[in-house]
Amino acid sequence: MKLYNTLTRKKEEFVPLNKGEVTMYSCGPTVYNYFHIGNARPFIVFDALRRYLEYRGYKVIFVQNFTDIDDKMIKRANEEGTTVAELGERFIAEYFADADALGIKRATHHPRATENIDAIIDMIKKLEDKGYAYNRDGDVYFSAKKFAEYGKLSHQPLDELEAGARIDVSEQKDDDMDFALWKKQKPNEPAWESPWGMGRPGWHIECSAMANRYLGKTIDIHSGGQDLIFPHHENEIAQSECANGAPFARYWLHNGYINIDNRKMSKSLGNFFTVRDILAEFEPEAIRFFMLSAHYRSPINFSKELMLQAKTGLERLYNCARNLEFLSKQADAGQADDTVLKMLATYKNEFIEAMEDDLNTALAISKLFDLAREINTMVTESSTAQTVTSAAQALKELGGILGILQKEDDNSLENEIEELIEKRTAARKDKNFALADEIRDKLKSRGIILEDTPSGVKWRKE
RNA sequence: GGCGCCAUAGCCAAGUGGUAAGGCAGAGGCCUGCAAAGCCUUUAUCCCCCGGUUCAAAUCCGGGUGGCGCCUCCA
């Protein structure tokens, strides 16, 4: 598989360090609020990558952290009159509620910063011992310039970075480029004991420490949003490589931004959407489908209208799947049709080919549409059960890589609906179309769509 | 100032040297008692503009125009 590596600015053939196994680290949320649609993109996109790698037979060890101690956490906890610990606990639970709903597979490990303070302190100590860090009265900083390769991910020359650096409130740093590894405790802030006194970790160090603890010195894939390239990921590289003396991540993947109605999402513009909000209006799979219908590195725009388009497109795929489900109930046993099997294999290969090319999910989805069209044409009432099942299986298998087409039909009202359908069928036989239409309209108003087919009546929920 | 990204039909979106995938919306047809779903046909003489390279460019190069991102804690 080819992946675009931010580090080299090239698409590269992906070869994991250890055969058959992939180690992946993705920067997770700061748990001070529900996550928003912009956060959801990397979660969904890299979940698809993980699923695909697993589909190809790799054992994927995937780590996604929770940042549960930082300035935003402290600020929010104070605003709400609660503790940072309680706040974190609450929004970690809310993260899982939304992420599970979106079909985002849980990571192998979900470490929290506050539960890895020891690893963080160890790493800072190591950096201090090696002369990369210095202590200023309980605040510990990393000397960016001591790391000769600083800037290699963002491809920024050091002096340019410096020229652009904002004026920092902290005057105790030796250099503008330096960043905090450990922050001295301020009044009423949570703090842990350390060799430098009571304090808490800086933001960047937690990812370095947790990646190291759970995945080792060198990991295969590190991913996150484009805005994390600098300084967060740049700093992670500096910390990890200086502490460990080994390359940190071999492939750096970054997803593009989401705009809302063509503008950057921000609270002040009032165009801020949490996933919780959107889930109230749209199916989780429609959100996935929307996210994956463009390439992960392209910027995308989010709007209700585009969600509606995504929803309708996904519906087309579901209609195909439902039709197969319907056919399978009445199909006769018999050998699977070779022509159909061949067709299925063709599109499966094309789908995989698309995914192999830097996770081109947009192309892959188009292959799903091609596949659905062929199935709709080739698989009919006269197909054997084996043919129908093979087709259904293909759709579900490929959809599963993207995390779509996994929904089972809800048949809870089945008996009542079937009864009405029988009544209507009888009415149609008597050419009493008025009654037949009345029943159909009645069901429609309850969200049940009827479809008359040559081999019986099919129904589905809207 | 530095480093980048993007510009393809009404909308979304692949394609990055060989003559424009796919979806949504629209139009026509087939099927249907009528629908729904599905299928077929149709919708960009052309890929922001101007030059250049080439037998050949949406795709490469140069120059514009327009939009956007990062440059210390925002996915």
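Values reported hereafter were calculated over all heavy atoms of this structure, with side chains retained and with hydrogens, waters and symmetry mates removed. Nothing here was measured: the structure is a model prediction, and the numbers come from that model. A, B, ... follow the sequence lines: proteins, then strands. Residue 1 opens every chain.
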*Provide the Watson-Crick or G-U wobble partner of B:A21, both distances under 3.5 Å; none if there is no partner.*
none
*Give a yes or no on whether a salt bridge exists between A:D337 and A:K342, defined as a side-chain N under 4.0 angstrom from a carboxylate O.*
no
*Atom NZ of A:K311: over 12 foreign heavy atoms under 6.0 Å*: no
_Under 4.0 Å between a side-chain nitrogen and a carboxylate oxygen: does that hold for A:K442 and A:D437?_
no
*If B:C5 has a Watson-Crick or G-U wobble mate with both distances under 3.5 Å, name it; if not, just say none.*
B:G67
_Between the side chains of A:D174 and A:R136, is the shortest nitrogen-to-carboxylate-oxygen separation below 4.0 Å, so that they form an ion pair?_
yes
*Whom does B:G51 pair with, Watson-Crick or G-U wobble, provided both distances fall under 3.5 Å?*
B:C61
*Establish, from distance only, whether the side-chain atoms of A:E12 and A:T8 form a donor-acceptor pair under 3.5 Å.*
yes
*Answer yes or no: does a side-chain N or O of A:N376 lie under 4.0 Å from OP1 or OP2 of B:C39?*
yes
*Is the shortest side-chain N/O distance from A:N39 to OP1 or OP2 of B:A75 below 4.0 Å?*
yes
*According to the Watson-Crick and G-U wobble definitions, with both distances under 3.5 Å, which nucleotide is paired to B:C31?*
none
*Nearest-angstrom distance, P atom, B:C50 to B:A57*: 15 Å
*Would you say the side chain of A:T30 lies within less than 4.5 Å of the side chain of A:M73, judging by non-hydrogen atoms?*
yes
_I'd like to know if A:R440 reaches the base of B:A35 with its side chain such that a donor and an acceptor end up less than 3.5 angstrom apart._
yes
*Can you tell me the distance, in whole Å, between the NE2 atom of A:H204 and the C1' atom of B:C73?*
5 Å
*asked:* Under 3.5 Å for both donor-acceptor distances, Watson-Crick or wobble: does B:G26 have a partner, and if so which one?
replied: B:U42
_Under 3.5 Å for both donor-acceptor distances, Watson-Crick or wobble: does B:A37 have a partner, and if so which one?_
none
_Per-nucleotide protein contact string for nucleotides 12-22 of chain B (B base, S sugar-phosphate only, - none; heavy atom under 4.0 Å)_ = SSSS-----BS
*asked:* Under 3.5 Å, is there any donor-acceptor pair linking the side chain of A:D437 to the base of B:G33?
replied: yes
_Under a 3.5 Å cut-off for both contacts, is B:U16 paired Watson-Crick or G-U wobble with anything, and if yes, with which nucleotide?_
none
*For the side chain of A:N235 and the base of B:C73, is some donor closer than 3.5 Å to an acceptor across the two?*
no
*Given atom CD1 of A:I260 and atom P of B:A75, what is their separation to the nearest angstrom?*
14 Å
*So, are A:K152 and A:E234 salt-bridged, with charged N and O less than 4.0 Å apart?*
no
*Does a salt bridge link A:R112 with A:E206, judged by any charged N lying under 4.0 Å from a carboxylate O?*
no
*Please state whether the phosphate of B:G38, meaning OP1 or OP2, lies under 4.0 angstrom from any side-chain nitrogen or oxygen of A:K458.*
no
*Under 3.5 Å, is there an N or O donor on one side and an acceptor on the other linking the side chain of A:K183 and the base of B:C73?*
yes
_Spacing between A:F433 atom CZ and B:G33 atom P, to the nearest angstrom_ = 7 Å
_If I take atom CD in residue A:E234 and atom C1' in nucleotide B:C3, what distance separates them, rounded to the nearest angstrom?_
12 Å
